Every structure is written in C-alpha cells, then in structure tokens.
**Student:** 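Below is the structure I would like to discuss, written out as structure tokens.
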Amino acid sequence: EFRRVLFRSGTERVYVQRPIFEKFVNALKEKAEALKIGPSNEPGVGLGPLISAEHKEKVLSYYAKAKADGATVVTGGGAPVMADSLKDGHWVQPTIWTGLPESSSIIREEIFGPCCHIAPFDTEDEAIALANNTPYGLATTIWTSNMSTATRMANSIHVGLCWINSWFLRDLRTSFGGSKASGIGREGGVHSLEFYTDLRNVMIYFDKPTQLAILERFAPLMKPGGLMFAGHSESFHHATHLFRLRGKTVYVPAGPGRAA
C-alpha cells in the first residue's frame with residue numbers, strides 16, 4: 001500500500017513472469033495513477049506525505065538517479081503540484097520504473113519511498129536468484145495460483161517474513177524480523193519476551209574442598225538422578241557438576257584433575 005510509504009517492509013523490487021509482464025506493468029500503472037494524494041485522514045486518500053523535507057529530498061534524489069541510469073519511467077518520477085494549503089507538505093509521486101540493470105543503486109539500495117522497479121523473469125530459479133541478490137532480507141511476497149511453487153519459493157528466498165498471495169497479513173503473536181542486513185533476532189509473541197530479556201551469566205570458581213562442601217550441603221535437596229556430569233574428557237580438566245535445586249540449575253565447576 002502506497003499510503004504508508006515509510007513502513008520498513010516497503011516493496012521496491014517487483015519481479016513478474018515474462019508472459020504477463022506488460023499486462024502487469026500497465027495494470028499497476030493504472031492503480032498508481034488512480035491514487036488520491038493528500039492528508040492521510042481525508043476520505044479516499046491513498047497516498048500521504050513523507051515524514052520530513054530531508055526524506056523527500058532523499059527520495060527525489062533517487063528519482064533523478066533512476067532517470068540518469070536510463071530507467072523507463074512508467075509513471076510519476078517527481079513531486080506533484082498540490083493546492084496552496086498543502087504545498088508545504090513533503091509530497092512525492094508514486095513512481096514505477098522498468099529497464100534498469102540489477103546493479104543499479106535504485107534496485108540495490110533502500111529508498112523508502114512510494115516507488116518500485118519492475119523486471120521480468122523466465123524461470124523459477126531465476127526469480128529466486130534475483131530475489132536473493134540483495135544484502136537485505138526483511139520481507140517478500142509471492143503471488144501464484146500454484147501452492148507447490150509458492151512453498152518452494154518461500155523456502156528458498158532468504159527473508160524473515162514471507163507472504164503468499166497477500167501483503168502485511170500478520171498475527172502479532174508470530175515472529176517479526178529480518179535476515180542478512182535487515183536485522184538479527186525476532187520480536188512478536190513469545191519472541192518479544194526473549195528479545196526484551198536481559199540475560200546474565202555468573203560463573204564462580206571454587207577450590208576442591210569448597211566444591212565438596214557445597215555438594216555435601218546440597219545433596220539432600222537434590223532431585224533423584226539430578227547429579228549430572230557434562231563435558232569431561234582426558235583433555236578437559238575442569239569437569240562440571242550440574243544439578244536441579246528447587247527448579248534452578250546449579251553449576252559447580254570441579255577443580256583440575258577431579259573426576260566426576
């Protein structure tokens with residue numbers, strides 16, 4: 001949706017199977033040109049302003065660079081003429097390009113504007129390679145009538161979010177997050193609990209007499225079979241005793257040479 005142009009999962013690269021490429025470009029052009037530009041709280045408005053003058057300048061600089069790189073401007077490519085009461089807003093036109101090489105910064109970089117470049121593909125493998133040819137990997141959407149194709153591609157495209165025959169359809173209890181340069185970790189649902197939890201690992205070394213005293217003191221409180229040995233080998237001289245104590249795991253490092 002063009003209205004929320006700063007949503008960080010904006011679609012700026014579109015790949016369309018060659019037999020329907022021209023038809024798709026023309027259809028999207030009609031939809032873009034039918035968008036009403038204005039304040040987002042007005043009825044019927046489909047495209048609001050950008051967040052700041054600085055961001056408007058950034059987006060328009062990419063519009064100019066696309067023309068310099070030889071793009072075919074299907075629609076848009078500049079700033080619209082607005083009524084006097086709105087002329088100071090940060091307005092840009094919804095813009096569609098074709099004809100750029102995959103090496104173009106218009107395709108390689110994040111613009112965060114109401115724009116996209118459309119390119120054709122011939123095979124499924126080619127589409128997957130094109131989709132993955134980016135340092136980013138937040139989200140993708142796959143549109144097809146073949147669910148086998150959809151699931152194969154969803155498993156092959158390196159992103160954190162993948163929609164099939166939909167866009168931004170999400171249950172907030174599910175994970176949200178990207179791959180590659182689009183981020184590390186996930187939020188949403190139980191993932192948010194972990195994301196906002198600050199873990200601390202505290203390790204204390206005791207000499208042999210202290211270790212034996214600790215084990216003797218807590219032995220009556222240990223669950224049956226709760227004493228475990230982990231990580232000991234001939235080359236690993238610091239064995240570790242682990243046992244469950246009142247629902248918590250207690251680690252007692254063994255001294256050098258101590259066998260479990």
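These numbers come from the heavy atoms of this one structure, side chains and all, not from hydrogens, waters or symmetry mates. Predicted model only: the values in this text are computed from it and were never measured.
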**Student:** With no hydrogens and no angle check, is any side-chain donor or acceptor of Ser104 less than 3.5 Å from a backbone partner on Leu100?
**Tutor:**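 No.
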**Student:** Cluster question for you: counting only ILVMFWY and a side-chain heavy-atom cut-off of under 4.5 Å, with indirect links fine, are Ile96 and Phe21 together?
**Tutor:**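 Yes, one cluster joins them.
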**Student:** Does a side-chain heavy-atom distance below 4.5 Å link Leu35 with Pro114?
**Tutor:**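 Leu35 vs Pro114: side chains apart.
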**Student:** Report yes if some heavy atom in the side chain of Lys180 is under 4.5 Å from a heavy atom in the side chain of His158; otherwise report no.
**Tutor:**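 Side chain of Lys180 against side chain of His158, heavy atoms only: contact under 4.5 Å found.
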**Student:** Could you tabulate the donor-acceptor pairs under 3.5 Å formed by side-chain atoms of residues 70-86, not counting sequence neighbours?
**Tutor:**
{"from": "Thr75", "atom 1": "OG1", "to": "Glu33", "atom 2": "OE2", "distance (Å)": "2.8"}

**Student:** Side chains of Asn165 and Met147, heavy atoms from C-beta outward: is any pair under 4.5 Å?
**Tutor:**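 When only atoms from C-beta onward are counted, Met147 and Asn165 do touch, with a gap below 4.5 Å.
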**Student:** Using every non-hydrogen atom in the two residues, find where Gln17 and Phe121 come nearest and quote the distance to one decimal.
**Tutor:**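 Scanning both residues completely, I find the closest heavy atoms to be N-CE2, 3.2 Å.
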**Student:** Does Lys36 have more than 12 heavy atoms from other residues, nucleotides or ligands lying within 6.0 Å of its NZ?
**Tutor:**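 Buried by this count: over 12 neighbours within 6.0 Å.
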**Student:** To the nearest 0.5 Å, what is the distance between CE on Met153 and CG on Asn155?
**Tutor:**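 So the CE of Met153 and the CG of Asn155 are separated by 11.0 Å.
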**Student:** Going from CD1 on Ile106 to CZ on Arg13, what distance comes out if it is rounded to the nearest 0.5 angstrom?
**Tutor:**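 Between Ile106 CD1 and Arg13 CZ, I get 13.5 Å after rounding to 0.5 Å.
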**Student:** Is there any ring-ring contact (aromatic ring centres under 6.0 Å, His included) pair reaching into residues 59-110, and which pairs are they, with sequence neighbours excluded?
**Tutor:**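 Those involving residues 59-110 are Tyr63-Trp97.
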**Student:** What do the steps show when you test Asn26 against Leu28 for side-chain contact (heavy atoms from CB on, under 4.5 Å), and what is the final call?
**Tutor:** CA-CA 6 Å; Asn26 292 331; Leu28 191 59; over 6 Å; no
**Student:** Give the C-alpha distance, both sets of side-chain angles, the deciding distance and a yes or no for side-chain hydrogen bond (donor to acceptor under 3.5 Å, both in side chains) between Thr174 and Asp171.
**Tutor:** CA-CA 6 Å; Thr174 61; Asp171 187 324; 5.4 Å; no
**Student:** Under 4.5 Å between side-chain heavy atoms, counting indirect links through other Ile/Leu/Val/Met/Phe/Trp/Tyr residues: same cluster for Phe176 and Leu172 or not?
**Tutor:**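 They do not share one cluster, since no chain of ILVMFWY contacts under 4.5 Å joins Phe176 to Leu172.
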**Student:** So which heavy atom on Gly188 is nearest to which on Arg170, and how close?
**Tutor:**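 Shortest heavy-atom separation between Gly188 and Arg170 comes out as CA-NH2, 3.8 Å.
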**Student:** Which heavy atom of Arg186 sits nearest to which heavy atom of Gly160, and what is that distance?
**Tutor:**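 Smallest interatomic distance, heavy atoms only, reads NH2-CA, 3.7 Å.
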**Student:** So do Leu47 and Ser40 actually touch side chain to side chain, heavy atoms under 4.5 Å?
**Tutor:**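 They are not in side-chain contact.
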**Student:** Please determine which of Val16, Val14, Val25 meets the side-chain contact (heavy atoms from CB on, under 4.5 Å) test together with Thr98.
**Tutor:**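 Going through Val16, Val14, Val25 one by one, the side-chain contact (heavy atoms from CB on, under 4.5 Å) with Thr98 is satisfied by Val25 alone.
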**Student:** Cluster question for you: counting only ILVMFWY and a side-chain heavy-atom cut-off of under 4.5 Å, with indirect links fine, are Ile157 and Leu138 together?
**Tutor:**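 No, no single cluster joins them.
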**Student:** Would you name the heavy atoms of Ala154 and Cys162 that are closest together and state the gap between them?
**Tutor:**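 Shortest heavy-atom contact: CB-SG, 3.7 Å.
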**Student:** Crowded around Lys65 NZ? As in, over 12 foreign heavy atoms under 6.0 Å?
**Tutor:**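 No.
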**Student:** With rounding to the nearest 0.5 angstrom, report the CZ to CD1 distance, Phe195 to Ile184.
**Tutor:**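 Rounded to the nearest 0.5 Å, the CZ-CD1 separation comes out at 10.0 Å.
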**Student:** Search all heavy atoms of Ser148 against all heavy atoms of Thr151 and return the closest pair with its distance.
**Tutor:**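 Between these two residues, the closest heavy atoms are O-OG1, 3.0 Å.
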**Student:** Are side-chain heavy atoms of Asn132 and Leu130 found at a separation under 4.5 Å?
**Tutor:**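 Not in contact.
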**Student:** Hey, mind stepping through Glu12 and His117 against side-chain contact (heavy atoms from CB on, under 4.5 Å) and telling me if it holds?
**Tutor:** CA-CA 6 Å; Glu12 295 174 357; His117 179 268; over 6 Å; no
**Student:** Are Tyr136 and Phe112 linked, directly or through other ILVMFWY residues, by side chains that come within less than 4.5 angstrom of each other?
**Tutor:**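 No, Tyr136 does not connect to Phe112 through the hydrophobic network.
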**Student:** Within a radius of less than 6.0 Å around CD of Glu109, do more than 12 heavy atoms belonging to other residues, nucleotides or ligands occur?
**Tutor:**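 Yes.
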**Student:** Any chance you could measure Ile142, atom CD1, to Thr140, atom OG1, to the nearest 0.5 Å?
**Tutor:**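 Those atoms lie 5.5 Å apart.
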**Student:** Are Ile118 and Ile20 connected in a single hydrophobic cluster, I mean Ile/Leu/Val/Met/Phe/Trp/Tyr linked by side-chain heavy atoms less than 4.5 Å apart?
**Tutor:**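 In one cluster: yes.
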**Student:** Got a second to check how far Ser166's OG is from Trp143's CH2, nearest 0.5 Å?
**Tutor:**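 Nearest 0.5 Å value for the OG-CH2 distance: 6.0 Å.
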**Student:** Working to the nearest 0.5 angstrom, can you tell me the gap between Gln93 CD and Leu60 CG?
**Tutor:**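 So the CD of Gln93 and the CG of Leu60 are separated by 9.0 Å.
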**Student:** Show the nearest heavy-atom pair for residues Pro135 and Arg108, with the distance to one decimal.
**Tutor:**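 It is CD-NH2, 3.8 Å.
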